[in-house]
Structures are given as C-alpha cells and as structure tokens.
2 protein chains.
Amino acid sequence: MPRHADTRAHIVAAASKLFYAEGIGRVSVDAVAEKAGVTKRTLYYHFRSKDDLIAAYLESRDQPNLTLMAEWFAQAPGGLEDKVAAIFHQLAQVAAHPKWKGCGFLRTTAELASMPGHPAVRIGARHKLGFAQWLEGEITSAGYGEAGILAREVLLLLDGAFSASLLQLDPQWFVAAGRAAAGLVALRRPA
Amino acid sequence: MPRHADTRAHIVAAASKLFYAEGIGRVSVDAVAEKAGVTKRTLYYHFRSKDDLIAAYLESRDQPNLTLMAEWFAQAPGGLEDKVAAIFHQLAQVAAHPKWKGCGFLRTTAELASMPGHPAVRIGARHKLGFAQWLEGEITSAGYGEAGILAREVLLLLDGAFSASLLQLDPQWFVAAGRAAAGLVALRRPA
DNA sequence: GTCTATAAGCCGATAGAC
DNA sequence: GTCTATCGGCTTATAGAC
C-alpha cells in the first residue's frame, strides 16, 4: 500500500474498475475506498466529492483510449477505409469479452443527463470531440475531402455501435458499423 | 385521482416522467408514488419491485415512440432518402427542447449495463430491433436493396445521434446523422 | 408510516517525514 | 515542532421493504 505519493492514482484506478463495471450510481464511495485499500477519510482528502472522483475517472481514460484507437489505426494495413474499419473490428474483439460494458464515457454521461454542467460530462464531450478531431487530421492527411464531416459521421457510427452492441449484447454491430463507415469514407475517396 | 381501474397506468405515467427526466437511479420509489398521488403501499400492490416499474416504463414508451417515427416517415414528402432524413430532422427539433434528455431506452439500458438479464434491458433491445424491422419493411416496399443491412445502418446513426446530441448538447448531430443516413440510402437506390 | 440498511460527506486524532 | 497523509468513527439523509 503506497503511503502518500500515488495514493490518488490508486484510488482513481480502483474507482475506474468499479465505475465501469457497475455504473457510477451503483458504486458507493465506501466501495471505492475499500477497493483502493484506503479509508473514506483518505479518499475525501484527495477528492472534494464523489463528483470529482467521477470526473477523475473519465479524465484518466481520455488519453489511453484515444491512444489505443490511434494505434489500431496506425498499425492496420491498407488505405483509409481499411484503417477506419480496423478500429471497429478491434472494438468488436474487445466487446466480445464478458467484462465489456460499453463505452464508459457514454454510459457515465447518460447517467448524468440531468446534470448538464457536471464536470464529467464536459470531459466526456471533450473526449469524443478529441477523437473526431484526431480522425479529421488523419482523413486530411490521406488526401480525402470533407474531412470534418466525414470524421463526425464515423464518430456517429462508433457511438451507435457502442450503444447497439451493449443493448443487444452482440459485438457484430461493430462490424456492421465498420462496413458503413468504410462505405462513407469510400464516397469521399480522392480521384 | 383515479380510484381503481387505471391506477397502474397513472403510476407508470408518473414514473415515466421522473425516470426520463432524472434517470432511473436518481428517482426513488417514494418520489414516483408521490408524483402519482398514491401511497407506496399501493405502488407495491401493482408492481413487485422497482425493477418491474422500470420495465413497465420502457414498455409504455415502445409503441408510442415507434408510432411517432412511423408518422414522421409517412408524412414526409419525397423519396426514401427524404423520408428517412425527416425522422432525423424531427428529432433535431425535439432535441432542442430544454427538457429533452436523450433516448430513454439507451439511457436506461446504459444504467443497467451491469444487469444483462434485466427485463427492462430486454424491452429496450426489442424496441430498437422493432424499429429496424419496421424500417426494413419500408425500405423493401420502396424497392431498395439490402434492406436489412441498410435499416441497421440507419439505426446505428440514429443511436449515435442520440448519444452525441445528449453529450454535446447540440441537436445538430441529428442533422449530420440524417445527411449520412440519406447518403447510405442513396447508395442502394434501385436503377 | 415505520423499519432497517446504506448512502454521501465531515471531524477529532495521530504517525511519520523534514 | 510543524505539516502532510492517514485512520476510525460519526451525522444526516434517503433508499427499498413491509
């Protein structure tokens, strides 16, 4: 058990596992503290409130998730269509695991829909826009047109696939979404 | 206040308003009973548990929501592209209202992600598949090919737009999704 | 309308580093 | 000694159940 330096990081890691697995509303601060191996007092020393802890949870997943998708994209062979489709195919693999429970950003913001100004909602919104902006850059680099529109269309299909796969418990929705995304990309292929 | 016959329906109506506005986890059974004007005793006479009440909430929104979208589709002028796009444009209008909080089916099932067998999740899954099947029939009637695939692609864009509009608080995502959907439909236009 | 469990959040005290 | 990070226990509100 770390004594001071990375106690905060340990708490965030414990919170991430529980919040993702159960949903933020079903996880108590007591449960997070117990999982992290600290007392509630210590937890409240590092975080002002549960809401702050929720925001830290999403913040901690922002860059890792974007990096992972960027790696899938970069390592996929073929043209832009194939690289975009690769993100969906990798997600279909991930979604097949029993512990997969959809997109933590979407689920968390769905739970916080009645609190529009919540810091975690802002972080979720920024995360999704960050993905679209990164993808827009890749589309532009590949020489395709209407990069901004196209990147947003892919994001729509991605979030739709997160929702449908979770609801139907069927990762094949990612495959279907990937095909649709590749089709939309192909529509803008430069001459 | 109704005395016996449709007490159950009144409870469901009260629950629907509260669950949609606040999320199922943030609404207590007490709050539903008070809003419905019944005692908790009466509520537990009509529903075995809060989970049953949640399932009844989604069940009560299934047909009305499908009917509404079918009406938007039927009343829109133009070809299949225009009729599909009309659903998205109408939803953009609805999403502009301050009380709009996304799709109740998606938000509820997101909250219940850790309970895959929950009756409300099954109802949500059936609702979305019902939409896709209805749309598949319309696409087939219009003479377009690959109706099943196309209907699912439209559903993916629809659910993506629900997620993005809620997260970014921007109904324009429905317009963007509608354009993408119309594009995918046009790809399958019969010769 | 009462019961019991549990939620979020707060306070008094203290061990160890400098 | 002071300051930082920790702990155990406590308060108030509210949950679902009967």
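Just so it is clear, the model here is predicted, and its values are computed rather than measured. A note on names: the letters A, B, ... follow the listed sequences, proteins ahead of strands, and every chain is numbered from 1.
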- Message: Classify A/Val32 by what it touches in the nucleic acid, base, sugar-phosphate, or nothing, heavy-atom distance under 4.0 Å.
- Response: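 Result for A/Val32 = nothing.
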Which of these nucleotides, [options], is closest to any side-chain atom of [X]?
X: B/Lys40; options: D/dT6, C/dG1, D/dG8; result: C/dG1
X: A/Thr39; options: C/dG9, D/dG8, D/dG16; result: D/dG8
X: A/His46; options: D/dG16, C/dA7, D/dT6; result: D/dT6

Nearest-Å distance for atom pair [atom1]/[atom2], residues [X] and [N]:
X: A/Ile24; N: C/dA8; atom1: CD1; atom2: P; result: 11 Å
X: B/Arg26; N: D/dT14; atom1: CZ; atom2: C1'; result: 14 Å
X: A/Glu34; N: C/dA7; atom1: CD; atom2: C1'; result: 15 Å
X: B/Leu53; N: D/dG16; atom1: CG; atom2: P; result: 10 Å
X: A/Tyr45; N: C/dG12; atom1: OH; atom2: C1'; result: 16 Å
X: B/Asp30; N: C/dG1; atom1: CG; atom2: P; result: 13 Å
X: A/Leu18; N: C/dA7; atom1: CG; atom2: P; result: 12 Å
X: A/Asp6; N: D/dA5; atom1: CG; atom2: P; result: 12 Å

- Task: Look at the aromatic rings of A/Phe162 and A/Trp100 and report parallel, tilted or perpendicular, splitting at 30° and 60°.
- Result: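 Answer is parallel, since the angle falls under 30°.
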- What is the ring orientation for B/Tyr57 with B/Phe19, classed by angle as parallel under 30°, tilted 30 to 60°, or perpendicular over 60°?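 Ring orientation of B/Tyr57 relative to B/Phe19: tilted.
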Short question: side chain of [X], backbone of [Y] - any donor-acceptor pair under 3.5 Å?
X: A/Glu111; Y: A/Gly23; value: no
X: A/Tyr20; Y: A/Gly102; value: yes
X: A/Asp62; Y: A/Glu59; value: no

- Item | Distance below 4.0 Å between A/Tyr44 side-chain N/O and C/dC10 OP1 or OP2 |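 Answer is no, no contact under 4.0 Å.
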- Respond yes when some side-chain nitrogen or oxygen of A/Thr7 is under 4.0 Å from OP1 or OP2 of D/dT6, and no when none is.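 For D/dT6, OP1/OP2 do have a side-chain N/O of A/Thr7 under 4.0 Å.
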